[in-house]
Number of protein chains: 2
Amino acid sequence: MDEREAAAEAPGGVTIYEVAQRAGVSIATVSRTLRGTGPVAGPTREKVLRAVQELRFTPSRAGVSLAEGRHAANGIVFPNLSGPYFAEVLIGYEEVASELGRSVIILSTKGRTAIRDLVRELARRVDGLAVFGSTVPADLVDELAASGPPLVLISHAERAGACTLRSENIRPAAELARHLLDHGHRSFAFLGAPYATGDDVDQRWQGVRGVLGDAVRPVLTDEYTVDSGHAAALRLLAGPDRPDAVICSDDEVALGAILAAEELGLAVPGDVAVTGWDDIMAARHARPALTTVRQPMRELGAGAARTLDALISGTGAAGAHRVLDTELIVRGSCGPHPPGGLRK
Amino acid sequence: MDEREAAAEAPGGVTIYEVAQRAGVSIATVSRTLRGTGPVAGPTREKVLRAVQELRFTPSRAGVSLAEGRHAANGIVFPNLSGPYFAEVLIGYEEVASELGRSVIILSTKGRTAIRDLVRELARRVDGLAVFGSTVPADLVDELAASGPPLVLISHAERAGACTLRSENIRPAAELARHLLDHGHRSFAFLGAPYATGDDVDQRWQGVRGVLGDAVRPVLTDEYTVDSGHAAALRLLAGPDRPDAVICSDDEVALGAILAAEELGLAVPGDVAVTGWDDIMAARHARPALTTVRQPMRELGAGAARTLDALISGTGAAGAHRVLDTELIVRGSCGPHPPGGLRK
DNA sequence: GATCAAGGTGTAAGCGCTTACATCGACAGG
DNA sequence: CCTGTCGATGTAAGCGCTTACACCTTGATC
């Protein structure tokens, strides 16, 4: 009836029918042999495996997916991969997902116009989806939470119907602010991109603001990049009321600020202190080395993958919210440290 | 006969059957409406679209893939995503693939033991595959070239059956070496990871060696990271026969070398010059700023995606090999530049 | 008014795989 | 020797979608 045998050298690949024919068994037996489900007699198994080898057979993913009703893939949506932050999270995500037998499909929203369609399309080809805060419109998030695959929001405000996972911001931001006060700094600027309510940078701002009150003023940047940090800092530091310290939304902006200070002939931290956030690789190599807050970027990704796995396999609550610890990393950029500590 | 209507609220999602039933048409009409293939009368189209909206229908990817015989996805295999290099290439790859309507499935080989199976699995779920040099065993590459989807090797020696795409190495490496000679440096070390024949670092070594001859000696590192560069440089610079200049395999190793020099109380470039390769973000912010060779990382990824698209759609030769231009970026780390240039 | 072309839809055959269910022997227990 | 079991295998019904092909209207053409 069919003409299965015709596809001998098709580019699409060998099918289970050809294997079955070659081994002289039914496709069911081939499937059972390969997946280890159901009993298969020794000699039969041999025949099948030989045929599989000779034909270099690998099951078609689309076929398996359709039959199994799952994709064995996870998606992740991030704004971009330019800086180390998202890359690190992605590393953690991919590593765990891979261990759990799931491929990772990525989607960068940077510069995309058709985000909605791209995200919907992605949601349709994965068993679970991780989404960074503010990369996807709120209503789409709701739509996904309601009718999409299991969803984990990374660094996003808590939201009904989805799990969230983020690093601590408010407390360490406050700690950072107090540390700067200990150094004797009295006027501050918070250098960050236009933030959305509840996102990481907003929370950092809240934490800083809570301690410093009116002594800190917000200065917006366009993006979280070295260049926009540089540009904004140039304006800030050349203008009137130069602050004692610039608290940056993240390390890249901080690196830009250090660069700007240098160009203006200002010493860091002598004339102006600078702090970052994330503790990316470059923070350690900057001169002066950057005081910053380390957050467990990889674990953010790994945790998201694990949470999704639990969600997919039915274990795990659908509305869990987890917050990871961070650590204040004090280096040179916030001011000289007298031996014995500041608060002595 | 079937019980399609039973799946009304299935987690897997709405199927085309439900849409068809609701709209009072056949599934063929629904499909035609959605894909725009074949004629559909105005009112019918309306009914279908309304049903689609009300049911929030999106076609199942597995079903579409199986029927279409394609995945609408590209794969990419890289060693890791820790440094900026692979991330940048990935950005370019994803951007172009996405524009061409293909999702990107990633696979990092870092720390993986079952690479072969993971790669084979990946190959089965994509229409095209990009692979970085040396991430996959040679025989597996051959196997993929022979019986897998279209393949593009990035930064890999030319190989029958697959396209390759890489940046120029030998010429700019020679240029870099000559530039260092112009500075008056006379003894050199090439600081790089254990390289494989024909890979980027090997080619850079060849280029440098071609100009400097025995004046340059190779020093191996374990990886292409700041830390291994740091460790190797520490050994090298503290030992006897300290070279005038350290030519590093890439920027990250170079950053580590600068760090090591600093720790040893050596001035860069006063006591020892250092150069990198790639021109990553941190190269510009290092002190001294790093002299390096810029290669078009994003274009490497973008080109791979375009090549694959051509291969998949039947256009494009199967054995094309492309080499992208690079640019020597001279900054402070290779020595002071007298106004007016060196060769005056 | 019969003939055609073309538009508009439905039918059904796959795409490659998994798996519930049926079948068939062979062997042990009564 | 008959029946009950269980192991080993085959049969066939999907999984959700695309699309070639068949069928039925219409309206135009002569």
Side-chain angles (χ1 to χ4, degrees), chain A residues 1-8 10-21 23-48 51-52 55-72 121 124-125 127, chain B residues 1-8 10-21 23-48 51-52 55-72 121 124-125 127:
Chain A
M1 207 180 268
D2 290 343
E3 290 187 270
R4 311 283 186 187
E5 34 281 345
V14 183
T15 75
I16 199 173
Y17 286 90
E18 301 166 49
V19 176
Q21 185 173 53
V25 300
S26 74
I27 59 168
T29 299
V30 176
S31 179
R32 278 191 288 255
T33 303
L34 260 26
R35 328 193 93 217
T37 70
V40 177
T44 310
R45 141 172 271 101
E46 299 293 304
K47 280 190 301 183
V48 170
V52 165
L55 263 39
R56 294 184 167 294
F57 170 74
T58 327
S60 142
R61 229 309 132 191
V64 175
S65 287
L66 192 53
E68 280 188 330
R70 59 175 221 131
H71 302 279
E121 157 74 16
R124 267 305 191 176
R125 51 160 65 215
D127 303 317
Chain B
M1 205 180 268
D2 291 341
E3 292 187 271
R4 311 283 185 186
E5 35 280 346
V14 182
T15 75
I16 199 174
Y17 286 91
E18 302 166 48
V19 176
Q21 186 174 51
V25 299
S26 74
I27 59 167
T29 299
V30 175
S31 179
R32 278 191 288 254
T33 303
L34 259 27
R35 327 193 94 217
T37 69
V40 177
T44 309
R45 143 174 269 101
E46 298 293 303
K47 280 190 301 182
V48 171
V52 166
L55 265 38
R56 294 183 164 295
F57 171 74
T58 327
S60 142
R61 229 308 132 192
V64 175
S65 286
L66 192 53
E68 279 188 331
R70 62 177 218 128
H71 301 279
E121 157 74 16
R124 267 306 192 175
R125 51 160 66 215
D127 303 317

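Protein chains get the first letters and strands the later ones, always in sequence-line order, with residue 1 at the start of each.
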Roughly how far apart are Leu66(B) CG and Arg61(B) CZ, rounded to 0.5 Å?
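Spacing of CG (Leu66(B)) from CZ (Arg61(B)) equals 11.0 Å.
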Between Leu66(A) and Gly42(B), who's closer to the 5' end of DNA chain C by nearest nucleotide?
Gly42(B)
Reckon Ser65(A) touches a base, only the sugar-phosphate, or nothing at all at heavy-atom distances under 4.0 Å?
nothing
Starting at NE2 of His71(A) and ending at P of dC17(D), how long is that distance when rounded to a whole Å?
11 Å
Measure the distance from CD on Glu18(B) to P on dC15(D) and round it to the nearest whole Å.
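My rounded result for the distance is 11 Å.
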Under the side-chain contact (heavy atoms from CB on, under 4.5 Å) criterion, do Ile16(B) and Ser31(B) qualify, and how do the steps go?
CA-CA 8 Å; Ile16(B) 199 174; Ser31(B) 179; 4.0 Å; yes
Okay, side chain of Ser65(B), backbone of Arg70(B): is any donor-acceptor separation there less than 3.5 Å?
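Here the side-chain-to-backbone pair exists.
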Spacing of Arg70(B) atom CZ relative to dT19(D) atom P, expressed in whole Å
11 Å
With distance as the sole test, does Asp127(A) use its side chain to make a donor-acceptor pair with the main-chain N or O of Ala72(A) at under 3.5 Å?
yes
Separation of Tyr17(A) atom OH from dA12(D) atom P, in whole Å?
12 Å
Can you pull out the residues from residues 25-35 of chain B that lie within a 4.0 Å heavy-atom distance of DNA chain C?
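Output list: Val25(B), Ser26(B), Ala28(B), Thr29(B), Arg32(B).
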Rounded to whole Å, the CD-C1' distance (Glu68(A) to dG16(D)) equals 15 Å
Measure from the side chain of Val40(A), starting at C-beta and using heavy atoms only, and say which of dT9(D), dC15(D), dT18(D) lies closest.
dT9(D)
So, the side chain of Arg125(A) versus the backbone of His71(B): is there a donor-acceptor pair under 3.5 Å, distance only?
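Checked: pair present.
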With a 4.0 Å cut-off on heavy atoms, is Pro59(B) in touch with a base, just the backbone sugar-phosphate, or nothing at all?
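Sugar-phosphate only.
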Has Thr29(A) got a side-chain atom pairing as donor or acceptor with Val25(A)'s backbone, closer than 3.5 angstrom?
no
Could you state the atom-to-atom distance from CD of Gln21(B) to C1' of dG16(D) in whole Å?
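Answer to the nearest Å: 15 Å.
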Rounding to a whole Å, what distance do you find between Ile16(A):CD1 and dA12(D):C1'?
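It is 14 Å, rounded to the nearest whole Å.
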Is there a side-chain contact between Thr15(B) and the phosphate of dC15(D), meaning an N or O under 4.0 Å from OP1 or OP2?
no
Would you mind telling me which of dT19(C), dG7(D), dT18(C) lies closest to the side-chain atoms of Thr37(A)?
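Output: dT19(C).
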Hey, is the main chain of Thr58(B) close enough, under 3.5 Å, to the side chain of Arg124(A) for a donor-acceptor pair?
yes
Separation of dC17(D) C1' from Glu121(A) CD (nearest whole Å)
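After rounding, the reported distance stands at 14 Å.
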